[in-house]
Amino acid sequence: QVQLVESGGGLVQPGESLRLSCAASGSIASILVMGWYRQAPGKERELVGRVTSGGSTFSADSVKGRFTISRDNPKNTLYLQMNSLKPEDTAVYYCNGRDWSGSRFIDYWGQGTQVTVSS
């Protein structure tokens, strides 16, 4: 069982940057996919980006070119660098780890961190 704890959220103005971190209680090196999701008020949770254990990344169109996801396996930490933030990026951001047990996928979730972009 891996526990995930996000940090780094806060209130920023449009155009500013934030870096979110997700610290895992155990090794993430073998976890198939690590990702960031977000959920704005009244909306469904959506994928922001993910990175595989092999280092392949995917970013949603809405954040492509502004957000960068990365994983530091020796530090058991996932990052989300967010640049040129917009008010529509306001949401609770969740860290996710998806692994394969041999018979089914297992999802790990953090508790979320609030990001508010407002002038």
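Please read all numbers here as calculations on a predicted model, not as lab measurements. Values below: every heavy atom of this structure, side chains too, minus hydrogens, waters and symmetry copies.
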Kindly work out whether a path of hydrophobic side-chain contacts (I/L/V/M/F/W/Y, heavy atoms less than 4.5 Å apart) joins W36 to V92.
no
Is there a continuous path of hydrophobic side-chain contacts, each under 4.5 Å between heavy atoms, that joins V33 to V63?
no
Quick one: [atom1] on [X] to [atom2] on [Y], what's the gap to the nearest 0.5 Å?
X: T116; Y: D89; atom1: OG1; atom2: CG; answer: 11.0 Å
X: R38; Y: L47; atom1: CZ; atom2: CG; answer: 10.0 Å
X: E46; Y: S62; atom1: CD; atom2: OG; answer: 5.5 Å
X: S118; Y: L85; atom1: OG; atom2: CG; answer: 12.0 Å
X: L80; Y: S70; atom1: CG; atom2: OG; answer: 8.5 Å
X: M34; Y: L4; atom1: CE; atom2: CG; answer: 5.0 Å

Smallest separation among heavy atoms of [X] and [Y], with atom names:
X: V2; Y: G26; value: CG1-N, 4.3 Å
X: L78; Y: C95; value: CD2-SG, 3.8 Å
X: A29; Y: S53; value: O-CB, 3.8 Å
X: K43; Y: Q39; value: O-NE2, 3.1 Å

Is the gap between the ring centers of F105 and W100 under 6.0 Å?
yes
K86 vs R66 side-chain heavy atoms within contact, under 4.5 Å
yes
Is there side-chain contact between F67 and V48, with heavy atoms separated by less than 4.5 Å?
yes
Can you tell me if CD on Q3 sees more than 12 non-hydrogen neighbours from other groups inside 6.0 Å?
no
Using a 6.0 Å cut-off, check whether atom CD of E88 has over 12 heavy atoms from anything other than its own residue.
yes
Would you confirm whether [X], through its side chain, and [Y], through its main-chain N or O, come within 3.5 Å as a donor-acceptor pair?
X: E6; Y: Q111; answer: yes
X: S84; Y: G15; answer: no
X: N96; Y: Y108; answer: yes
X: T52; Y: S56; answer: yes
X: R71; Y: I28; answer: yes

Verdict with supporting geometry, L11 and V117, side-chain contact (heavy atoms from CB on, under 4.5 Å)
CA-CA 6 Å; L11 171 64; V117 185; over 6 Å; no
Please assess L20 against M82 for the test side-chain contact (heavy atoms from CB on, under 4.5 Å), listing each intermediate value before the final yes or no.
CA-CA 8 Å; L20 304 183; M82 305 186 293; 3.7 Å; yes
Out of W109, Y94, Y93, which one pairs with Y37 under the ring pair (Phe, Tyr, Trp, His ring centres under 6.0 Å) rule?
W109
Salt-bridge test for K64 and D61: reply yes if a basic N is under 4.0 Å from a carboxylate O, no otherwise.
yes
For the residue pair T77 / D72, report whether a side-chain donor-acceptor contact shorter than 3.5 Å exists.
no
Apply side-chain contact (heavy atoms from CB on, under 4.5 Å) to residues T90 and Q114 and explain how you reach the verdict.
CA-CA 8 Å; T90 295; Q114 176 71 47; 4.0 Å; yes
